[in-house]
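Read the numbers this way: they start at 1 and go in the same order the structure lists the ligands and their atoms. Here the structure is a predicted model, which means the values were calculated and not measured.
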Amino acid sequence: MVLSSVLGFPRIGANREVKKAVEAYWGGKLSADELTKAAADVKKASWLSLKERGVDVIPSGDFTLYDHILDHSAAFNVIPKRYLGKGLSPLDVYFAMGRGRQTEGVDVPASEMKKWFDSNYHFVVPEFSEETEFKLNFNKALEEYNEAKALGITTRPVVVGPVTFLALGKAAKEARAGFQPISLLGQLLPVYKQLLADLKAAGVESVQIDEPVLVLDSAAIYEKQFAQAYAELAPVSPKLVLTTYYGRLDSNLTFAAKLPVAGLHIDLDRAPAQLDDVIAAVKPTSLVLSLGIVSGRNIWKTDIQAALKLAQKAADALGKERVIVATSSSLLHTPVTLASENKLTPEQKDWFSFALEKAAEVAVIASVLSGSQDPKVAEAVEANRVSIAKRREFERNSDATVRNRVAAITPDMLERKSPFAVRKEIQQKQLQLPKFPTTTIGSFPQTKEIRQARAKLNKKEITVAEYEKFIEQEIENVVRFQERIGLDLLVHGEPERNDMVQYFGEQLDGFVFTQNAWVQSYGSRYVRPPIIVSDVSRPKPITVRWSSYAQSLTSKPMKGMLTGPVTILNWSFPRADVSRELQCKQLALALRDEVVDLEKAGIKAVQVDEPALREGLPLRKADWQAYLDWALPSFKIATAGVTDALQTHSHFCYSDFDDIFPSIQALDADVISIEASKSDLKLLNTFKHYGYSNQIGPGVYDIHSPRVPSEEEIKERIAAMLTTLPADLLVINPDCGLKTRGWAETEASLVNLVNAARWARQTY
Ligand code: GLN
Ligand code: ZN
């Protein structure tokens, strides 16, 4: 019989119970016991509903109140000293590591967060040093296994693998120079042995051990460590299923397939082409192959016929007993269930599968492979065939105008008319900006009042006209504020935007929106990505109204503000039937029209944000060029339709550009701003290495914290930057948008920024 399996489940709860409970606990409105109870209820509901959908192998130990890597660090006692000895309970230490803590007598910043592989999920980076003392503070996998067992459900515990745990971590500040976390493997393994032996003693049959680093180029150097780890762990453990996801094993397959484990899970959603190689590698062994065939990353219904073909191939080669049908990765990147969507049309709803619907898919595929004669299974397969056929039919309705326009893109559409040096002169004439011009990244505080006004509009408690009046008032306040403190290039503050991607999705054709499709970004922060369902176009101007209104209020130049094509694509659920390249270029053309319209409306500078450009880079270096080959042109299509006189800006949130800086140069934006306050030196080294020819604003202070930077500090930063950057290229701005900040610290910080720029004008 072929088993079905799900690798992990969303943690939020069908009605955001966990998010609400966690935030209530932080706000002192819920006790720790009540939080535990709320979490237990959600876990119970998830396990029961997976069982109900017919899933054989149900995960446990994958739940978390904040982040599963943070859980693992807390369990293994990888807790930086700064969080200890403060009189905090273990739960509060845990949350302090995740989000920092500022209460009486305690003031600790959060640990660093990083993007989880190529997803929009962030994990809390473990910090290791020679002083790390591993011990098992608790065994989450065992606790959850028992919790499920008490409900009559046998689960397969999920554990983060030892090599991945160390490889994703970083050296703590106190570690000696050159310290490598992986050097701790020998000390870490005894604790893993204890954890796994405890699971075995509790009767656990098999464990999903996650080693996603195996899909990275960088894992090749860990061949020895993998061999050592699994040789030590396998004898004391339940059966281990070595689990990889988000990409292909490539050459790492050679050693992964030889490890003494019972099974191997591969991602066939992201990397279907690896199946033949993997089958060949595992065939001579006794490994069970878990086929990650139902996507854990998108929200599209699985084409069951196509999935069956792949799975059948593996079953024919290895025998049914050696095959498991699974989700490609944990379902943490998908919303809980379609059942809570009431606004999608029945036609649209029929296109999608969220986590619970995907669970049903793995169960059906496994049943068919097993030769099930159950009429319900046949019915499900037939219903899927009909849905997929309808979706294919819909996909044929492409928008000829949009498709033709993409096909007709010519190289000259990607280039500005004149080189930067010429443009700079022309732009300066009309912008009249001082040396070291000051500006911001776009958004100003999204206050409670703004969110309430939007909520009232959505509930029809106020009219559109009333809402727009309110937004105009907000814009006016922001403009007056910037004039008052003396900023040079102004912004309108983005009060009309619920989110920088959703807002544009809502104004473009080709997207649909959900009510409840929340996906975890980090901790208790969830986003609701729009879904691209058909060809994208712009029915009418989007931001022109607000930018022109803002410009009408002031004689200072107003910067228009748009989200770039690559970022909109990367932060949406894309279509699966056409390439990301095509979708990105459609977005690019829509934005090109918007930029041109802004110029026509008298706007003299436009910023097109691409914070997700870097994170969208493929996991394997070999795939980078193919991505950059459409991502960079898309940005250029969006921004190059204007005259030389329009100053184009772009913004990037991450400063980690060492290896792709030439690509950022190639965008040829007149001005870029980059987050830099946390990594001055690194970014400056990058500039030193490559040089930079256009204008640039490395952020002079960190906006992620309410802390107000002193004027002195900002001056020092500017001085440091001027050791590397030519004075006529430097722009002075914060690290990122101010929407999550309060007004008090925003005002104080920006006043210091403006004063520091004035000082620089006199000094340099
Ligand atoms: N213009 C956006 C803002 O200021 C940019 C946000 C971002 O970079 N993530 O909020
Ligand atoms: Zn940013």
Side-chain angles (χ1 to χ4, degrees), residues 113-115 120 122 438-447 450-451 454 471 474-475 478-479 481-482 487 489-505 507 521-522 525 527 529 542-543 546-547 550 558-572 591 594-595 598 603 605-616 635 638-639 647-657 664 667 669 671-679 683 696-705 731 733-743 745-746 749-750 753:
M113 260 187 334
K114 264 199 185 146
K115 294 258 171 186
N120 194 17
H122 304 65
T438 55
T439 189
T440 61
I441 308 303
S443 59
F444 268 78
Q446 278 264 341
T447 56
I450 298 180
R451 285 195 300 267
R454 193 148 45 237
I471 294 294
E474 285 297 318
I475 291 175
V478 167
V479 170
F481 166 76
Q482 296 172 92
L487 279 154
L489 180 57
L490 309 195
V491 297
H492 77 288
E494 306 179 21
E496 78 285 9
R497 302 184 190 177
N498 40 13
D499 170 88
M500 64 185 287
V501 169
Q502 191 181 339
Y503 175 75
F504 286 92
Q507 314 283 326
S521 174
Y522 61 89
R525 244 196 95 110
V527 294
I542 303 170
T543 61
W546 302 117
S547 290
M558 178 63 54
K559 179 165 65 167
M561 197 61 57
L562 306 172
T563 303
V566 185
T567 297
I568 296 184
L569 179 72
N570 280 341
W571 287 351
S572 300
L591 289 162
E594 182 75 9
V595 180
L598 282 166
I603 300 297
V606 175
Q607 178 173 313
V608 178
D609 291 322
E610 285 291 18
L613 187 105
R614 173 74 181 74
E615 93 186 31
F635 176 87
T639 50
Q647 185 173 67
T648 57
H649 289 234
S650 189
H651 167 72
F652 308 92
C653 291
Y654 297 87
S655 51
D656 200 3
F657 282 114
I664 302 299
L667 295 175
V671 185
I672 61 171
S673 57
I674 302 192
E675 170 177 318
S677 64
K678 279 181 284 182
S679 57
L683 189 66
I696 185 160
V700 293
Y701 78 89
D702 176 21
I703 58 88
H704 299 95
S705 138
V731 177
N733 49 256
D735 251 357
C736 194
L738 300 161
K739 62 176 166 257
T740 56
R741 292 274 59 86
W743 265 105
E745 71 256 21
T746 296
S749 304
L750 290 177
L753 177 146

Please determine if Trp571 has a nitrogen or oxygen closer than 3.5 Å to a nitrogen or oxygen of ligand 1. no

State, to 0.1 Å, how close Gln607 and Thr440 come at their nearest heavy-atom pair, and which atoms those are. OE1-O, 4.3 Å

Thr746 side chain reached by Ile703 side chain, heavy atoms, under 4.5 Å: no

Can you check whether Ile441 has an N/O within less than 3.5 Å of an N/O in ligand 1? yes

May I ask you to check whether Lys739 has an N/O atom sitting below 3.5 Å from an N/O atom of ligand 1? yes

If we ignore hydrogens and angles and just use 3.5 Å, is the side chain of Glu615 paired with the main-chain N or O of Lys115 as donor and acceptor? no

Roughly, to 10 degrees, what angle do His651 atom NE2 and Cys736 atom SG form around the Zn ion (ligand 2)? 120°

Starting from atom 4 (O) of ligand 1, find the nearest protein heavy-atom neighbour and note its residue, name and distance. Ser443 N, 2.8 Å

Note the single closest protein heavy atom to atom 2 (C) of ligand 1, along with its residue, its atom name and the distance in Å. Asp609 OD2, 3.3 Å

Output, in order, the C-alpha distance, side-chain angles, deciding distance and verdict of side chain to side chain donor-acceptor pair (under 3.5 Å) for Thr567 and Glu610. CA-CA 5 Å; Thr567 297; Glu610 285 291 18; 2.6 Å; yes

For atom 6 (C) of ligand 1, closest protein heavy-atom neighbour: Met500 SD, 3.5 Å

Would you mind running through ligand 1 and noting each atom that sits below 4.0 Å from a heavy atom of Gly737? 3 (C), 4 (O), 10 (O)

Taking the side chain as C-beta and beyond, is there a heavy-atom pair between Ile471 and Trp546 under 4.5 Å? yes

Residues Gln446 and Thr740: side-chain donor-acceptor under 3.5 angstrom: no

For Gly442, the ligand 1 atoms whose distance to one of its heavy atoms is below 4.0 Å: 4 (O)

In the protein, what heavy atom is nearest to atom 8 (O) of ligand 1, and what distance, to one decimal place, separates them? His651 CD2, 2.9 Å

Heavy-atom pair with the smallest gap, counting every atom of Asn733 and Gly697: ND2-O, 3.1 Å

Counting from 1 in the order shown, the ligand 1 atoms closer than 4.0 Å to a non-hydrogen atom of Cys653 are 7 (C), 8 (O), 9 (N)

Does OH in Tyr522 sit with more than 12 non-hydrogen atoms of other residues, nucleotides or ligands closer than 6.0 Å? no

